[in-house]
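Structure first, then comments.
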Amino acid sequence: MPGEFGSAITGWASALPPRVVTNQDIMTLFDTSDEWIVERTGIRQRRAADGPFVDSKPDPSPPGGMGTTAQLAAAAGRRALSKAGLTGSDIDLLILCTTTPDQLVPATSSPLADALSIRGGGMDINAACAGFTYGLVTAAGFVASGAQRVLLIGAETLTRLTNWSDRSNAFLFGDGAGAVVVEAVPGEPALLGWDIGVDGSLQPLFYADHGGPGMAMRGQEVFRRAVRVTVDSATKSLEQAKVGAADIALFVPHQANTRIMDAVAERLAIPWERVASVIEHTGNTSSASIPIALTEAADAGRLAEGDLVLFAGFGAGMTWASAVWRWGAGPSR
């Protein structure tokens with residue numbers, strides 16, 4: 001019944017397409033250097049399911065492939081379900097966060113639900129790179145309202161939207177997926193504080209048109225706005241949770257750019273050793289970036305029972321979202 005259960009993340013996983021695109025590969029497209037890209041972004045490589053490198057290298061994808069958003073999401077979702085000791089039939093609601101749906105209609109969560117044998121509800125959320133945290137707040141709300149288990153996935157095939165002739169941003173983006181199972185458990189809610197928002201007047205800073213050449217971005221202005229809105233949002237979530245930055249065991253920011261992540265952490269007074277960062281080998285994977293970073297941190301043993309996790313990010317729109325989550329074990333199965 002509503003109000004009788006808290007929530008816990010009981011399963012987590014990620015999936016990356018097998019094709020690795022290095023900065024040296026990017027250098028074959030236009031005049032740049034590994035040093036220039038690393039200095040400005042922290043990115044050394046990214047994964048690609050699409051783009052100009054598809055025909056130049058063999059594709060060792062497993063049967064079923066990992067070349068679409070739904071395929072990547074399914075791979076991460078299956079692994080998260082397995083870690084939680086569940087199957088698709090146990091899921092009440094599937095939430096897919098993506099800016100790169102496989103079709104305009106229907107929502108990609110529809111074929112994804114079929115692939116995972118989910119017979120509960122399903123929906124897509126498009127809040128760009130803030131999408132996963134939007135989804136986490138949504139999942140916690142459904143659990144508080146009586147749902148038992150929610151499968152939340154962030155998945156992107158951004159290389160399909162990349163303008164590979166745009167030297168200003170083509171090196172930024174990669175493909176991947178990350179998933180978590182949010183489950184009802186006895187006790188207090190795990191979501192202690194949250195903040196979401198959007199400023200539609202900033203839409204011209206970062207967008208991609210139907211039928212256009214790909215993503216267009218005013219990088220310097222995005223950097224300036226992104227740091228500000230992420231810090232403001234994270235501060236609001238911390239205040240709502242009645243905790244301070246010193247109480248945060250792990251900060252999982254959107255993996256947009258090392259400079260942005262470092263600037264946000266510095267302004268929040270969170271030392272870099274408590275930041276989860278995977279951007280060096282994934283690039284910017286939009287709504288998939290936070291669950292991918294969370295998965296690597298959790299698998300590395302960086303989280304313990306009762307630890308506080310801060311999620312925060314921003315995206316095209318301009319959207320932003322943050323949440324303070326108490327990490328805790330789920331039921332034994």
Euclidean distance, [Y] [atom2] relative to [X] [atom1], rounded to 0.5 Å:
| X | Y | atom1 | atom2 | result |
| --- | --- | --- | --- | --- |
| Asn284 | Thr41 | CG | OG1 | 10.0 Å |
| Asn126 | Thr319 | CG | OG1 | 8.5 Å |
| Ser7 | Glu188 | OG | CD | 10.5 Å |
| Arg326 | Glu305 | CZ | CD | 9.5 Å |
| Phe132 | Leu152 | CZ | CG | 4.5 Å |
| Leu308 | Trp327 | CG | CH2 | 12.5 Å |

Any side-chain heavy atom of [X] sitting closer than 4.5 Å to one from [Y]?
| X | Y | answer |
| --- | --- | --- |
| Arg78 | Leu116 | yes |
| Asn163 | Met215 | no |
| Asp199 | Trp320 | yes |
| Met217 | Leu172 | yes |
| Leu94 | Ile153 | yes |
| Trp164 | Ile26 | yes |
| Arg259 | Glu39 | yes |
| Val182 | Leu136 | yes |

Within one Ile-Leu-Val-Met-Phe-Trp-Tyr cluster: Met27 and Val38, side-chain cutoff 4.5 Å: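 In one cluster: no.
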For [X] against [Y], the heavy-atom pair lying closest together:
| X | Y | answer |
| --- | --- | --- |
| Leu72 | Ala15 | O-CB, 3.8 Å |
| Arg79 | Ala13 | CB-CB, 3.3 Å |
| Ala312 | Thr230 | CB-CG2, 3.8 Å |
| Val252 | Ile290 | CG1-O, 3.6 Å |
| Met318 | Ala226 | CE-N, 4.2 Å |
| Ala147 | Ala184 | O-CB, 3.9 Å |

List the steps, then state whether side chain to side chain donor-acceptor pair (under 3.5 Å) holds for Asp232 with Thr235. CA-CA 5 Å; Asp232 288 349; Thr235 300; 5.6 Å; no
Between the side chain of [X] and the main-chain N/O of [Y], is any donor-acceptor distance below 3.5 Å?
| X | Y | value |
| --- | --- | --- |
| Glu156 | Ala288 | no |
| Thr28 | Asp25 | yes |
| Ser289 | Gln255 | yes |
| Arg44 | Glu280 | no |
| Asp92 | Gln148 | yes |
| Glu296 | Leu294 | no |
| Glu239 | Gly193 | no |
| Arg274 | Ile248 | yes |
| Ser287 | Cys129 | no |

Determine whether the side chains of Asp299 and Trp12 contain a donor N or O and an acceptor N or O closer than 3.5 Å.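 Indeed, the side chains of Asp299 and Trp12 share at least one donor-acceptor pair under 3.5 Å.
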Check step by step if side chain to side chain donor-acceptor pair (under 3.5 Å) holds for Ser237 and Ser322. CA-CA 6 Å; Ser237 288; Ser322 61; 2.6 Å; yes
How far apart are the C-alpha atoms of Asp102 and Arg160, what are their side-chain angles, what is the distance that settles it, and do they pass the salt bridge (Lys or Arg N to Asp or Glu O under 4.0 Å) test? CA-CA 10 Å; Asp102 292 329; Arg160 296 188 307 178; 3.6 Å; yes
Are Arg224 and Glu221 ion-paired here, with the side-chain N under 4.0 Å from a carboxylate O?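 Between Glu221 and Arg224 there is a salt bridge, with a charged N closer than 4.0 Å to a carboxylate O.
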In terms of heavy-atom contacts, does CD of Gln203 have more than 12 from other residues, nucleotides or ligands at under 6.0 Å?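 Enclosed.
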Run the numbers on Arg46 and Asn23 for side chain to side chain donor-acceptor pair (under 3.5 Å), then give the verdict. CA-CA 9 Å; Arg46 69 287 292 151; Asn23 288 347; 2.9 Å; yes
Residue of the set Asp90, Leu81, Val150 for which side-chain contact (heavy atoms from CB on, under 4.5 Å) holds with Val181: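 Testing each of Asp90, Leu81, Val150 against Val181, the sole residue satisfying side-chain contact (heavy atoms from CB on, under 4.5 Å) is Leu81.
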In a check of side-chain hydrogen bond (donor to acceptor under 3.5 Å, both in side chains) between Asp175 and each of Thr159, Thr69, Thr285, Thr100, which one passes?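 Of the listed options, the one satisfying the test is Thr159.
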